[in-house]
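Here's the structure we're looking at; comments come further down.
Please read all numbers here as calculations on a predicted model, not as lab measurements.
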Amino acid sequence: MKVPRTITVLSLFLGIGISISLGAKSKAPDWLTEAAKAPDPEFDPKDKPEIVVLWDEGSHDFLEDGTLVSTIRYAIRIIKPSGVDRARAYAYYRDGSDKITKIEAWVIDKGGDIHTFKKNEIEDIPTTGYSLYSESRAKKIDGKSKSRTGTVFGYEYTQIEKSIFTQHRWYFQSIFPVVLSRLKIDVPEGWDVGETRFHDAPSATINVGSYVWEMRDLEAVKSERNAPYRSLKRSFITIDVKPPNDGRVKHSTLSFGSWGDIASYTAEIQDPQITPDAAIEAKARELTEGVDDVWGKVSAIGEYVKELRYASISMDLDQGGGYTPRPATEVFRVGYGDCKDKSNLLRSMLKVVGLNAYPVVVNATDNDRVYPDWPSPYYFNHCIAAVEVDESVDTPAVIEDEELGRLLFVDPTSSLTPIGELPFDEQGGLTVIGKHGVDRLIRLPQAPPEANKSVRKIISELLPNGAIIGTVNDQYHGKNATDERTLRLEYDEKEYQSAYERWLSEGNNSAKVKLRKIEDNAQSDRTFEVELEFAIPKYAKNMRNQLLIFKPAIISRRDENPYQTNSRTTPVRISPSLLEEDTLVYLPHGFLIDEMKEEILIDSDFARYEATLKQEDDTLLYKRSLRFNDTIVSVEDYPKLQEFYRKIIEADQTPVVLVRASG
Amino acid sequence: MIAKLLRLFPQLTVGVSLLLNSSQAARWEPITDEEHALTRSEIDPNAGAEVLYKFIEMDNESPDNSYRKYALRFKIFDERGAESVRQFRMTYHVESSRLGQHSARIVRADGTVDEIDKSEFYNQKLEDSGANSFRAKVFTFPELNPGDIVDVQYRIDLLEGYYSPELFVDFQERWPLRRAEIRVRPATWVTGFNYVKWMTSKCNAEGMKRRGDGFYELNVEGFPASVDEPNSPPENQTKAWLLFYLAADGKSGDAYWKSQGTKLYREMERDTKAGSEVKSTLKRILKGISDDEEKLKAIYRYCVSEIVNSYHGEPGQLTPEDRDKLDSGMVAEKVLSQGFGTPKNINTVFCALAREAGIDARVAALSNRTDYQFSKVLTSIDTTMNGRCIAIRDGEGWRYFDPGGKYLPFGQLDWDEQGVVALVADKKKVQIHPVDFGKPKDSVQKSTAKFELSEKGTLWGDVAFEFAGHFDVAMKRTIDGKSSQGRIDTVKEVLSDQWPGASFSEIEISNATSPFDPLKINCNVSIVNYADVVGDRLFFQVNAFQKSAKPEFPESTRSADLFFRFPKTEIDKVEIKLPDGYELEAASAPRPFSYDRVFEYGPKLGLKKSTNTLIYSRDFMFAGTIFPVKHYEVIKGFFDQKHVQDQHSLTIKKKPDSDSAS
């Protein structure tokens, strides 16, 4: 066709024109040119980072009305090929209240040539995938395809925020080495700027309303397995901006000077939302009909709210919408909500039946986030409830507070955690209870090892050909029960059986499993019980029909030390757990025990392992227990932890030797 | 009217069964007594929920009224099923469409109906990048209980001038599907794409039927949910689906493939035309060579080693300016003059040089084992044959070469392009030929160790690995982009999986980026507690390379066919010097077994008494590529037996007269 051909020809000429105009050298901003000149900081060649952060700078300029204008400048040099994935610019913002007025990015290659990203390469993306609705978004420029090792990728953006919040954080260190990290804050006359410094962060240099914090040549923060968050000692500062109360300020008005402020703020935004309507009242009464005791009421209402769907709607984030629940009446009507919605509905329904409960803000994923020296809501990403209960309620989620009395913490979002327990990752964390006058952090209860135990009973028979058959009864408590419920919800019965077959086959030959019982006792003793039959061919090694050698630890036999790395710079958080296992093995006819270790005891401050073997007629009774205490192992004691694991692996792998009886 | 092409984007395919106006209340397909009465899926009794009905209607007949309508009905059987039917997202492309007439409801087991209020549908802005902006309507169902029936429907109206050139419907998603109804009325007003084509896979239906009103219709039923099991064939080959599309070429079957073969031939002639570069290069590299096979090898070697492949574009090989010049459509003369190119460019040069040398070389299109299975019926070369290689005539048949493929040795294609079908370029005839799988001997992993065992159970010594064929290609591609230390770290990671807790030293890697020589790895290993010590006995596995191997197929049942990448051979050779003063106790040897040239397992074990050293070797050959699930038990049995034999263990005991063993 002629028309398209004409277009093609025209396009070719256009292409030449464009390439000529693009052929002129692009220019990078001065700060990026300066950043690119910086040599790489020293790092261990054996531990080469993916990238080096050359420049990390934030300039926050507060206007008279409280509007915040921020300019962010960030540049990296790619050190390893995998580092190209880091060549991405993100400018996060809240749709509707914030504006990204400018975002630009550049790549400077090794030879000094500069590529400037065009406007049509800017994407606008949502940043939460699970919300029904969220204002959280980001402008993004992907520099991966233009980046290689040795290239410098840098970006700059300007953001205008009109938010009520006045607290800001700045992390100087990264998981990569940093050449320069700087925060600059400018405030109008009459404003105060308060700083709190953590882990060697510097004080500000102040010059007439302009505050600058700067650090240079910083080592990467090393993340190690099971290290408590605060032990990473990442240098950062927190800023509290305090505008004058002169009526001119429309934004940046919400200050928190104490934990009591946060408790009051939580109560102020949540309490008005719990007022029940007739529908809530009717449902609460229906659920508790005939129930007189406190535990019965909390259980019945808690289970009901837990079953409601979790769905998050994030609106009015600039005005604290992320902390404000929807009215309980609305949550009840639509039948779903997020954590604060569900906690609030729980409180509303409990109120109907005469029980008082408080909102509680927590960190759901890390119980070591809160620095008591800097009161802020930023630590918290989750909301639960604390119910005032009497002595009749006695579960691992109860604390006795001197001021507030006996409190049962309930997380109605965690549908697989029974009422009476808390999700494991929340346990032991510091929280704020939303009640006026409570000016302190309160620690959530940490369940002891016994509350998270697995009790296993195995009855088995070892056959002369080396096969072993038997039954396993596992009773899971606490975290283990929740994990098992999660697995059961994920798999249908056939898949669940296959999962057990894979588990029993670990370290063994292919096992055959038949499930006999799956029982979830979430609403009685909160356990989860699984019973199965199993058969493992050639489990014992048969040596010319003279010897049979087998390991009495039939399942979950350890063979890998989780702490193999010899160097360690941070302590290790040990989670409380307990395994109690009794195994009865019927020995094959005609074989006698020739060698076995009757007792193995490995004890330490943080854990205790005990295994005993006892022969009774033609049976062998093997008892194994492993208890981990809730503790933190210091860096100095890390070798002891390694040694503990080395020994329990050796103990788990220790075989029993049977010999054929002569004659 | 300019037709604007709208590629369908991934989305949950739900929709409506009735024509609705936005002002109308939602109308629903009546629920049958049978649907009400269902208490479990008849297709899969284990399923927590089932799609009772899936409906899609796509109408492109009118340029100003094109639309797609979706409807989906679920039955909830248990809590797990309720959890799986939770949040719905209905996605649409902002520049080309609008979404409306969305509604959802829950019909409870007692017959009461909960409509989802319109205010509960939220607008979600998804990705927004110029011409590709997506939005979605999102809602969540409140509490769902066993026995509930869930209905969802919506409609996407395309803006004027847009149409959908294709419709792909997946009939096997997360839930079993009881019944599906698909209707499509194509865009007959689009010039250039006037031919309607469709294809189904595993649908057990006669196919689409054209109705009087111009709609093509497909009614199918009874699909299990998709399963995700290791070693499964690619989804396109195992799942049930419908592909409906418009094509510019109305030919079908052989006629279509003949025209594509001719097109390939014309393009090949254009791209491989010999000029001064081709001729002078050929003269240089074939100097003194007269045999055709040797010529071919020389040309292959030249293409692999003398032309910089953009694959090898790690720092130092190609400048940014070079990269800007890369163009897969370049002719051989140009590629030779600039000295670098894309993998396709390098194949073009190989073809041009071979043809100029008088060898019958052709471009060939290849299907792919990880994608659609080739079928003459699915007449879309871009869909079913998107690989390219060079075919060399070999008597009546053809051999296949891919010098542009990274590290591929002479005569070997990538594993996913073996065991497929090739369309060889030809001026006149349709030339569709099978491409053989490689042989087990072509892909070999050889592991050798010389160990000593201490009386405390520590095993230490030197190990060596050598790779060939697909093993070699895969390992080189894993480590070639890394620094020397990075390669060592990667090797350490791999070895640590094999021997957790072991320490490794003196790791040496040879030929990591060589296109011709095999990758070799040597290192020293020390494994504390390798042997279990009980009293005077040590108890250990002889084949140290398989110490941490797990059963390949531990599950006793399986739903999907078995798919293996390539035939292979593993050779393990282990020597273990036993501690002084110890002797074997009741020792036995592992047993060989084999099955019909598919599975051969040959272990040998002996003791060299003069040095008290165990000599073990084990050759394992597996020629399998794909097996129907009905053979699972047999295949599992082979692999279980192999695992048992690999775990073969020995006991050594301190001799009664031995004072010490140092």
Inset, instruction - Determine the option with the most heavy-atom pairs under 4.5 angstrom with chain B, choosing from A/Glu495, A/Lys512, A/Gln564. - result: A/Gln564

Inset, instruction - Salt-bridge test for A/Lys494 and B/Glu555: reply yes if a basic N is under 4.0 Å from a carboxylate O, no otherwise. - result: no

Inset, instruction - Taking the side chain as every heavy atom from C-beta outward, state whether A/Lys541 and B/Thr651 have any atom pair closer than 4.5 Å. - result: no

Inset, instruction - Determine the option with the most heavy-atom pairs under 4.5 angstrom with chain A, choosing from B/Glu552, B/Lys550, B/Arg537. - result: B/Arg537

Legend entry - Shortest non-hydrogen contact between A/Pro655 and B/Asp532, atoms and distance: CD-CB, 3.6 Å

Legend entry - Salt-bridge contact A/Arg333-B/Asp117 (side-chain N to carboxylate O under 4.0 Å): no

Legend entry - Rounded distance [0.5 Å steps], CZ in B/Arg80 versus OH in A/Tyr491: 11.5 Å

Inset, instruction - Among B/Val227, B/Asp640, B/Asp114, B/Ile116, single out the residue with the greatest number of heavy-atom pairs under 4.5 Å to chain A. - result: B/Asp640

Inset, instruction - Would you check if B/Phe539 and A/Gln653 make a side-chain contact, meaning some heavy-atom pair closer than 4.5 Å? - result: no

Inset, instruction - Decide if atom NZ of A/Lys551 counts as having more than 12 heavy atoms of other residues, nucleotides or ligands within a radius under 6.0 Å. - result: yes

Legend entry - Nearest-0.5 Å distance, NZ of residue B/Lys653 to CG of residue A/Leu547: 8.0 Å

Legend entry - Which of A/Ile549, A/Leu308, A/Asn545, A/Asn542 touches chain B most, by non-hydrogen pairs under 4.5 Å: A/Ile549

Inset, instruction - Measure the CG-CG distance between A/Asp492 and B/Asp44 for me, rounded to the nearest 0.5 Å. - result: 6.0 Å

Legend entry - Contact winner vs chain B - A/Asn508, A/Asn509, A/Val657, A/Thr654, heavy-atom pairs under 4.5 Å: A/Asn509

Legend entry - Contact check, side chains of A/Ser510 and B/Lys636, non-hydrogen atoms, under 4.5 Å: yes

Inset, instruction - Identify which of B/Asn529, B/Val533, B/Asp536 forms the greatest number of heavy-atom pairs closer than 4.5 Å to chain A. - result: B/Asn529

Inset, instruction - Check whether B/Asp78 gets within reach of chain A through its side chain, its backbone, both or neither, counting any heavy atom under 4.5 Å. - result: neither

Legend entry - Under 4.5 Å from any heavy atom of chain A - which part of B/Phe121: neither

Legend entry - Exam field: side chain A/Arg502 to backbone B/Phe553, donor-acceptor pair closer than 3.5 Å: no

Legend entry - Distance in Å, B/Glu79 CD paired with A/Asp520 CG, rounded so as to fall on 0.5 Å steps: 8.0 Å

Inset, instruction - Please check if atom CG in B/Asn123 has more than 12 non-hydrogen atoms from other residues, nucleotides or ligands closer than 6.0 Å. - result: yes

Legend entry - chain B contact via A/Pro81 - side chain, backbone, both or neither, heavy atoms under 4.5 Å: side chain

Inset, instruction - Output yes when a side-chain donor or acceptor of B/Glu143 lies under 3.5 Å from a complementary backbone atom of A/Glu307, and no otherwise. - result: no

Legend entry - Contact class of B/Leu144 relative to chain A, heavy atoms under 4.5 angstrom: both

Legend entry - Test item: A/Tyr336 and B/Arg86 side chains (from C-beta on) under 4.5 Å apart, heavy atoms: no

Legend entry - Which of A/Glu650, A/Glu493, A/Gln546 touches chain B most, by non-hydrogen pairs under 4.5 Å: A/Glu650

Legend entry - Contact residues of residues 642-649 of chain B (partner chain A; heavy-atom separation under 4.5 angstrom): B/His643, B/Val644, B/Gln647, B/Ser649

Legend entry - Within 6.0 Å of NZ in A/Lys647, more than 12 heavy atoms from elsewhere: no

Legend entry - Gap between atom CD of A/Glu490 and atom OG of B/Ser84 - 0.5 Å precision: 12.5 Å

Legend entry - Pairs of heavy atoms under 4.5 Å with chain A: top-ranked of B/Asp489, B/Val528, B/Thr140, B/Ile488: B/Thr140

Inset, instruction - Please state whether the side chain, the backbone, both or neither of A/Asn561 comes within less than 4.5 Å of a heavy atom of chain B. - result: neither

Inset, instruction - Against chain A, work out which of B/Gly535, B/Ala587, B/Gly48, B/Ser588 has the most heavy-atom pairs shorter than 4.5 Å and name it. - result: B/Ala587

Inset, instruction - Grab the two heavy atoms, one from A/Arg309 and one from B/Phe141, that are nearest each other, plus how far apart they are. - result: CG-O, 2.9 Å

Legend entry - Greatest number of heavy atom pairs closer than 4.5 Å to chain B - which of A/Leu504, A/Val513, A/Val334, A/Ile125: A/Val334

Legend entry - Residue part contacting chain A, namely of B/Asn46, when any heavy atom lies under 4.5 Å: both

Inset, instruction - Please state whether the side chain, the backbone, both or neither of B/Lys125 comes within less than 4.5 Å of a heavy atom of chain A. - result: both

Legend entry - B/Lys492, NZ atom: more than 12 neighbouring heavy atoms under 6.0 Å: no

Inset, instruction - Measure the shortest side-chain to side-chain distance between B/Thr557 and A/Gln497 over non-hydrogen atoms and say whether it is less than 4.5 angstrom. - result: no

Inset, instruction - Mind checking the CD-OH spacing from B/Gln87 to A/Tyr310? Nearest 0.5 Å is all I need. - result: 10.0 Å

Inset, instruction - Select one option (side chain, backbone, both, neither) describing which atoms of B/Gln485 are under 4.5 Å from chain A's heavy atoms. - result: side chain

Inset, instruction - Pick one of side chain, backbone, both or neither for B/Ala82, based on which atoms fall under 4.5 Å of a heavy atom in chain A. - result: both

